[in-house]
Amino acid sequence: MPATDTAWIVLGRSGDDVVAVDLDGTGAEIERLSIPRSEIVAWIRDRERAAPVRWVWHDTPVWYDAVLDAGATVERAHDLRLAHAILRDAAAVRDDAGLRTATAWDAAAAAAAVDDALFDLDAPEASVPEGVDEALAEFARQRAALAASERGGALRLLIAAESAGALLAAELRAAGLPWDADVHDGILREMLGERGGALPARIEERAAEVRRILGDPLASLDSQPKLLRALHRAGLLVETTSRWELRRHDHPVVEPLIDYKRLMRLYSANGWAWLAEWVRDGRFRPVYVPAGVVTGRWASSGGGALQIPRQLRAAVRADPSWRLIVADVAQLEPRILAAMAGDLALARAAAGRDLYEGIVAQGTLGSRAEAKVALLGAMYGATSGDGGRLVPRLRRAFPRAMALVDDAARVGEDGGVVSTLLGRTSPAPSGAWSRLQADATDVDASDSDASRARRYARDRGRFTRNFVVQGTAAEWALAWLADLRGRLARLPEVGEADAAPRSGPAFARRPHVAFFLHDEIIVHTPSVHAEAAADAVREAAASAGRLLFGDFPIDFPLDLKIASSAEKS
DNA sequence: CGGCGCGGCGCG
DNA sequence: AAAGCGCGCCGCGCCG
C-alpha cells in the first residue's frame, strides 16, 4: 500500500525495468518499486487513480504518450528536461547545486530523437538521461537550486506551468484538432481550381497571364533571381520580388503576380499534399514543442501547426453533437506590459475591451491604428516609420510601461540578460557578439567596426526588449492552459452515444483543449457541456491574471464563441 | 545526391 | 523592403 504522504514519484529506467521512487515533501525516499516495462502504463494509471501525485520524469512525451494511448491522463508532472533548461539559464539561480555542470540534461528533446532514430540510424540525436538514478540526482539538484534562489517561489510556479504545458502538448496531439478534409478540399478547389495539369487550373491561368504581360512565355515565376530579371526586362525596376514592394508599383503585372504567389503559397504549404500527410481520420495532429522558443513560447515541428492560414479555419469543424469553443485574448502583450510594469495609466486604457481605443479615448494618440503601431513599435523597438515616430507620445503617457521595455533594451545592448515575471532568463550573448563589442572599443578599431558593433548591440537590445513582454505573455498563456486543463477535467463525461472516438480514448467523452496558439485556444466539447466549457475558459483566464499579477487592476478579456466551425466571423 | 542558406510568406 | 519581436516551411540554387 503506497504511503499517503507521497508528494512525488520519480520514474526512470533501470536495466529492462522501470523503477518508481516515492518521495515525500522533503525529498526523502519513502519506497522504491521495480516494475516491468510492459506493466508501467497500467501501474501509472492505477497510482494516479488512487491518489494524484506529481510525476517526475526525464521527458514528458516519452512517458506520457503511452499513458494517453491507454486512455488515461495524469494531473501533474515535473519535466526534468524543461525544468533544467529554465534553471540553468535563470539569473535568480546560483549554481551551488552543480546544475549547470550537469550538461547531459542540456540535450535536445528526447522525443524528437525517438522519432528520428527509427529512420535516421546514423545520426541518433543526443537525448537526456533516462535512468532513475540520473533522474533522482537531477531532481535533487533542481530542488536545491530552487531552495537557494530568492525567486524560488516564482520559478516553482513557472516549472509547474511549463510541465503542465508539456502534458497538454502531448494531450493536444492525442486528441487532435477536428479537421474536415472535405471542407478543406472544397476551399482548395474554389480557390485553386481543379487539379489536372502540372498545377491547379487557377494557378496555371495566373501564371500564363503574368508571362503574357511580361512578354516572356518561359519566365520562371518560382525562382527569385530569374523572376527579378524578368521583371526588370519588362520595365518593373523592383529590388526584390516581395509582395510588399510589388504592391507599391503601378504595373499591370503586379496584380496577377501577387495573386499567383498567394495561390501558389496555399497550394504548396497547405494544399492536397499537406492534407494527405497531416490529416488522418478527421484529425490534424501536429507536433507541439513546448518552450521551443527562447522566450518560452511553444514552437511546432512538422505540420506547420502554428501557421495554419486563416483561409482554412473553416475546415476546423466539431464532431457531430460536439462544439468548438474558440477563444483568444484581445491585445495580450500590451496588457501584460501594463501589469508587469505596474503602469496604472496603461491599465486604465486597457479597462475597456479594446486597449487601443482606450489609448485614443485618453487623448494620447489620434486613432486606433496609430495607437496600435505605436504600442507594437514600443514593444518591438521601432526606430523609424510611424511606430518610431509615435513611441515618444507613449513615453509621456505611460512612463512606467515604457521604462520597463527601454530598460530591458539597454541591458541587452550592454550584453546583460533580462528575465520574465516568473524568472525565465534570456540567453547570454554569444562569444562572437561579445568579441565584436570588445573589439569595437579598441583604439585601432575602424569606424565600420564600431558601427557594426552598434548595429549588433541594437539588434540584441530589441531582442531583450521584446523578450520580457513576449516571455511573460507566454507565462500567462501557460497559466491559462494549466488552469483550464484542470477545470475541463472536472466536467462530467458524456455517454457512449455522444462520444467522439477519433479524439482517442482519453478525450472521446469529455471536453478537452484541441488547439493552442500563443494567445488563442480551441476547446472541443460535447454540445451539452459547451456553456460550462466556455465558462471554464473565461474563469481560467481570470485565474491566470490573478496568479501572475495578484490584485493589480488588469483584466484579460476574451473574444470567445461557441460554434461548429473555427471560422472567424 | 543530401545539406544548407536565402528569399519569401504564413502565424502570433 | 522593411521600418520593428518571435517562429516553421516552401522552393530554389549553390555547395561538396
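For the numbers below, each heavy atom of this structure counts, side chains included, while hydrogens, waters and symmetry mates do not. Just so it is clear, the model here is predicted, and its values are computed rather than measured. Quick note on labels: first sequence line is chain A, next is B, and so on, each numbered from 1.
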Query - Ion pair check, D106(A) and R81(A), cut-off under 4.0 Å - result: no
**Report entry** Spacing between L246(A) atom CG and dA2(C) atom C1', to the nearest angstrom
**Finding:** 14 Å
**Report entry** Test item: R317(A) side-chain N/O and S565(A) main-chain N/O as donor-acceptor pair under 3.5 Å
**Finding:** no
Query raised in the report: Between E413(A) and R460(A), is there a side-chain N and carboxylate O pair less than 4.0 Å apart?
Result: no
**Report entry** Ring centroid separation F516(A) to W298(A) under 6.0 Å
**Finding:** yes
**Report entry** Chi angles and distances behind the side chain to side chain donor-acceptor pair (under 3.5 Å) call for T425(A), S419(A)
**Finding:** CA-CA 4 Å; T425(A) 300; S419(A) 297; 2.8 Å; yes
Report task. May I have the distance from Q307(A) (atom CD) to dC9(C) (atom C1'), rounded to whole angstrom? Result -> 6 Å
Query raised in the report: Rounded to whole angstrom units, what separation is found between the CG atom of L390(A) and the P atom of dA3(C)?
Result: 18 Å
Query raised in the report: Distance check: side-chain N/O of R462(A) vs OP1/OP2 of dC5(C), anything under 4.0 Å?
Result: yes
Report task. If a protein heavy atom is under 4.0 Å from the base, mark B; if only from the sugar-phosphate, S; if neither, -; do that for nucleotides 10-16 of chain C going 5' to 3'. Result -> S-SS---
Query raised in the report: At under 4.0 Å between heavy atoms, what does G303(A) touch on the DNA or RNA strands: base, sugar-phosphate, or nothing?
Result: sugar-phosphate
Query raised in the report: Can we say E567(A) and R310(A) salt-bridge, meaning some charged N sits less than 4.0 Å from an Asp/Glu carboxylate O?
Result: no
Query raised in the report: With a non-hydrogen cut-off below 4.0 angstrom, is T295(A) in contact with a base, only sugar-phosphate, or nothing?
Result: nothing
Query - Residue closer to the 5' end of DNA chain C, E245(A) versus M379(A) (nearest nucleotide) - result: E245(A)
Query raised in the report: Using a cut-off of 4.0 Å on non-hydrogen atoms, how would the nucleic acid contact of I308(A) be classed: base, sugar-phosphate, or nothing?
Result: sugar-phosphate
Query raised in the report: What is the nucleic acid contact for L376(A), judged by heavy atoms within less than 4.0 Å: base, sugar-phosphate only, or nothing?
Result: nothing
Query - P427(A) side chain near V417(A) side chain, heavy-atom distance below 4.5 Å - result: no
Query raised in the report: Is the distance between the ring centroids of W274(A) and W179(A) under 6.0 Å?
Result: yes
Query raised in the report: If you check the Q470(A) side chain, which of dC7(C), dC5(C), dA3(C) turns out closest?
Result: dC5(C)
**Report entry** Test item: Y288(A) and F515(A) side chains (from C-beta on) under 4.5 Å apart, heavy atoms
**Finding:** yes
Query raised in the report: Toward the 5' end of DNA chain C, which comes first, E239(A) or Y380(A), by nearest nucleotide?
Result: E239(A)
Query raised in the report: Earliest and latest nucleotide of DNA chain B, 5' to 3', sitting under 4.0 Å from a non-hydrogen atom of chain A?
Result: dG7(B) to dG12(B)
Requested in this report: Can you figure out which of dG6(C), dA3(C), dC7(C) approaches the side chain of A299(A) most closely?
Outcome: dC7(C)
Report summary line: Here DNA chain C, pairs taken as Watson-Crick or G-U under 3.5 Å and shown with ( ), [ ] when crossing and | when to another strand, reads ....||||||||||||
**Report entry** Note, R206(A) side chain near M264(A) side chain (heavy atom, < 4.5 Å)
**Finding:** no
Report task. Take atom CG of N270(A) and atom P of dC9(C), then tell me their distance rounded to the nearest Å. Result -> 11 Å
Query raised in the report: Are more than 12 heavy atoms from other residues, nucleotides or ligands located less than 6.0 Å from atom NZ of K372(A)?
Result: no
Report task. Answer with base, sugar-phosphate or nothing: what part of the nucleic acid does R243(A) contact at a heavy-atom distance below 4.0 Å? Result -> sugar-phosphate
Report task. Just call it for G292(A): base, sugar-phosphate, or nothing, with non-hydrogen atoms closer than 4.0 Å on any strand. Result -> nothing
Report task. Salt-bridge test for D407(A) and R465(A): reply yes if a basic N is under 4.0 Å from a carboxylate O, no otherwise. Result -> no
Query raised in the report: Which value, in whole Å, describes the distance between the C1' atoms of nucleotides dA3(C) and dC4(B)?
Result: 29 Å
Report task. Let me see the working for F398(A) and L375(A) under side-chain contact (heavy atoms from CB on, under 4.5 Å), right down to the final yes or no. Result -> CA-CA 11 Å; F398(A) 311 117; L375(A) 209 38; 5.6 Å; no
Report task. Using a heavy-atom cut-off of under 4.0 Å over every strand shown, decide if G387(A) touches base, sugar-phosphate, or nothing. Result -> nothing
Query raised in the report: Between I336(A) (CD1) and dG6(C) (P), how many Å, whole number?
Result: 19 Å
